[in-house]
Amino acid sequence: MGVDWTKLPPELLESISENLKLYTDYLSFRAVCRNWRSSTPKTPSHLPPQLPWLMLPPSQSYQSHRAFYDISTNKLRFLSLPESSNPNKRHCGSSHGWLVVLDESPSILLLNPLSRAKLHLPSLSSFPNVHSFNYSHIGKEYSLRSPSGDLYTRNLRQMRDSIKKIVLSVNPSKELRFVAIAILNQTGELVYCKNGDDSWRVIPGAQSYSEDVIYCEGLFYAVDKHGGIAICDVRDDSPKVSIVQTRTQLDGDMQYLINSGDELLLITRHLDLEFSFEPHQSYLVYRTKRFEVSRLVWSGPHWERVKSLYDKMVFIGENSSLSLSASDFTGCMGNCIYFTDDYSESNYDGSSGEHDIGIYNLWDGSIEPLPCYPRNSFFRMGWPTPLWVTPTPC
């Protein structure tokens with residue numbers, strides 16, 4: 001007689017489930033039957049870092065849901081995210097599986113798309129450069145103080161769009177003592193808060209190190225336009241900043257920091273202007289031309305060009321930059337840069353053009369489209385741009 005797989009003992013099913021490494025495999029395992037589902041936790045806590053999903057722009061057909069593209073299975077997954085689907089809302093980062101959502105109020109929301117967990121960071125009105133905030137001053141709700149001491153005003157949308165990216169130190173579900181750092185667009189300053197704080201504080205000495213920020217082993221690393229590094233220690237009440245001036249001055253339009261194993265990598269993005277043609281109109285937009293990869297040699301210190309990432313693949317954009325091994329996942333290629341458009345809000349706001357998104361092959365410099373972004377008008381919408389989000393069930 002054959003084995004009735006639906007009646008395997010619970011302890012065996014639990015042991016098998018704990019050896020599954022991919023969240024999608026875990027979901028499939030629990031979907032087999034009621035016995036398998038009841039023998040395993042709904043939320044796994046043993047999974048290693050997962051392959052990011054690409055959160056696509058909202059669709060009018062699914063107004064309260066967002067589509068996520070899974071590159072390993074080449075499938076779309078729809079999650080209920082009404083908090084992120086309102087046209088007045090925008091995301092300014094994803095970190096450790098949590099979305100950072102802003103709207104035209106002072107609120108800053110952290111949202112885990114899978115678990116639906118929510119946290120609030122201190123409000124925009126608590127930023128150190130905010131002199132006052134008043135809803136009744138329509139069109140001039142925020143009064144801000146410039147570094148030179150002058151006062152100027154910003155409306156709700158301008159303040160919402162003043163943050164380039166917010167990066168978390170750790171997954172808030174696993175460590176409540178997390179730290180958030182925000183990169184400010186206009187001033188290039190870095191501000192931070194700890195969970196439970198009522199306001200944001202500036203990190204003195206780190207201004208202009210505003211291209212990208214990552215967290216590694218207790219410290220935040222920030223990079224400027226030319227590859228200079230600011231190491232920020234915000235564990236105490238008084239932040240400490242160490243500047244690493246590299247001999248190599250890098251040219252490029254955008255810089256991204258990557259923690260890859262025991263190396264600190266820098267991805268330099270080069271953009272080019274080109275015409276984009278739509279029915280009845282044409283306009284200039286930026287497009288990614290190429291990438292360069294460098295690693296930091298601490299003796300010197302200097303940036304050294306890297307010709308190959310070998311098995312590694314990196315994911316960059318508005319997300320916290322990420323490096324993974326392609327051999328750990330199906331349907332993925334090593335020595336590649338998976339990139340999204342995190343710079344051209346003005347390119348597409350109100351238009352239906354394509355986003356600057358794709359896969360850059362480091363071995364030959366070619367760029368190929370992501371399979372989810374062919375000529376599919378269903379998702380060819382202007383705002384917001386796609387975003388890598390790491391599925392984190394807890």
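Remember, it's a predicted structure, so these values are computed and weren't measured experimentally.
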Handout entry: Short side-chain to backbone donor-acceptor contact, Asn361 and Trp363, under 3.5 Å
Key = no
request  = State whether a side-chain donor-acceptor pair under 3.5 Å links Thr288 with Asp356.
outcome  = yes
Indicate whether the side chain of Ser105 and that of Ser107 have a donor and an acceptor atom separated by less than 3.5 Å.
no
Using atom types as modelled and distance alone, determine if a side-chain donor or acceptor of Asn335 lies under 3.5 Å from a backbone N or O of Asp311.
no
Q. In terms of side-chain geometry, is the basic nitrogen of Arg160 or Asp103 positioned less than 4.0 Å from the acidic oxygen of its partner?
A. no
- Can you check whether Trp36's main-chain N or O pairs, donor with acceptor, with Ser39's side chain at less than 3.5 Å? no
* To do: Step by step, work out the ring-ring contact (aromatic ring centres under 6.0 Å, His included) result for Phe339 and Phe315.
  => CA-CA 6 Å; Phe339 66 93; Phe315 296 83; over 10 Å; no
Only residue of Asp212, Leu264, Leu296, Val213 satisfying side chain to side chain contact (heavy atoms under 4.5 Å, CB included) with Tyr221 is Leu264
- Hey, is Lys225 close enough to Glu211 for a salt bridge, meaning N to O under 4.0 Å? yes
* **Residues Asp342, Arg269: salt bridge by 4.0 Å N-O rule** => yes
Exercise. Could you go step by step and tell me if Ser17 and Thr40 meet the side-chain hydrogen bond (donor to acceptor under 3.5 Å, both in side chains) rule?
Worked result: CA-CA 7 Å; Ser17 71; Thr40 53; 5.4 Å; no
Is a donor on one side and an acceptor on the other found under 3.5 Å between the side chain of Asn35 and the backbone of Leu8? yes
### Task
Find out whether Leu266 and Ile258 are in side-chain contact, i.e. whether some heavy atom of one side chain is under 4.5 Å from a heavy atom of the other.
no
>> Just so I know, are the side chains of Pro113 and Leu99 near enough to count as touching, which here means a heavy-atom distance under 4.5 Å?
In response: yes
**Message:** Keeping Ser146 on the side-chain end and Asp150 on the backbone end, is there a donor-acceptor pair under 3.5 Å?
**Reply:** yes
Any donor-acceptor N or O pair under 3.5 Å, side chains Ser126, Ser199 = no
Please tell me whether Gln255 and Thr268 have a donor and an acceptor in their side chains that are separated by less than 3.5 angstrom. yes
Quiz item: Can Arg290 and Asp272 be counted as an ion pair, charged N to O under 4.0 angstrom?
Solution: no
Please tell me whether Ser327 and Ser325 have a donor and an acceptor in their side chains that are separated by less than 3.5 angstrom. no
Open item on the list: I'd like to know if the side chain of Arg145 and the backbone of Gly149 have a donor-acceptor N/O pair within less than 3.5 Å.
Closed with: yes
Quiz prompt | Connected via hydrophobic side-chain network under 4.5 Å: Phe78 and Ile71 | solution = yes
Q.
Looking at Asp70, is its backbone amide N or carbonyl O close enough to the side chain of Asn74 to form a donor-acceptor pair, meaning the two atoms are under 3.5 Å apart?
A. no
| query | Taking side chain as C-beta onward, heavy atoms only, is Phe329 less than 4.5 Å from Leu324? | reply | yes
_Counting the benzene-type ring for Trp, do Tyr338 and Tyr360 have ring centres under 6.0 Å apart?_
no
CG of Leu79 to CZ of Arg116, rounded to nearest 0.5 Å, is 9.0 Å
Point to revise | NZ/NE/NH1/NH2 to OD/OE distance under 4.0 Å, Lys240 and Asp233 | key: no
field: Gln158 side chain to Asn155 backbone, donor-acceptor under 3.5 Å
entry: yes
Taking 4.0 angstrom as the limit, do Lys118 and Glu83 come out as a salt bridge? yes
Only one of Arg154, Arg90, Lys89 passes salt bridge (Lys or Arg N to Asp or Glu O under 4.0 Å) with Asp161, and that residue is Arg90
**OP:** Go through the steps to decide whether Trp53 and Tyr69 satisfy the test ring-ring contact (aromatic ring centres under 6.0 Å, His included), and finish with yes or no.
**Re:** CA-CA 5 Å; Trp53 294 350; Tyr69 175 66; over 10 Å; no
Heavy-atom closest pair (Gly205 atom, Val241 atom, distance to 0.1 Å) is O-CG1, 3.9 Å
With a 3.5 Å cut-off and no angle check, do the side chains of Asn134 and Glu141 form a donor-acceptor pair?
-> no
For Ser238, is there any backbone N or O sitting under 3.5 Å from a side-chain donor or acceptor partner on Asp236? no
Check: Asn195 side chain, Leu176 main-chain N or O, donor-acceptor pair, under 3.5 Å:
yes
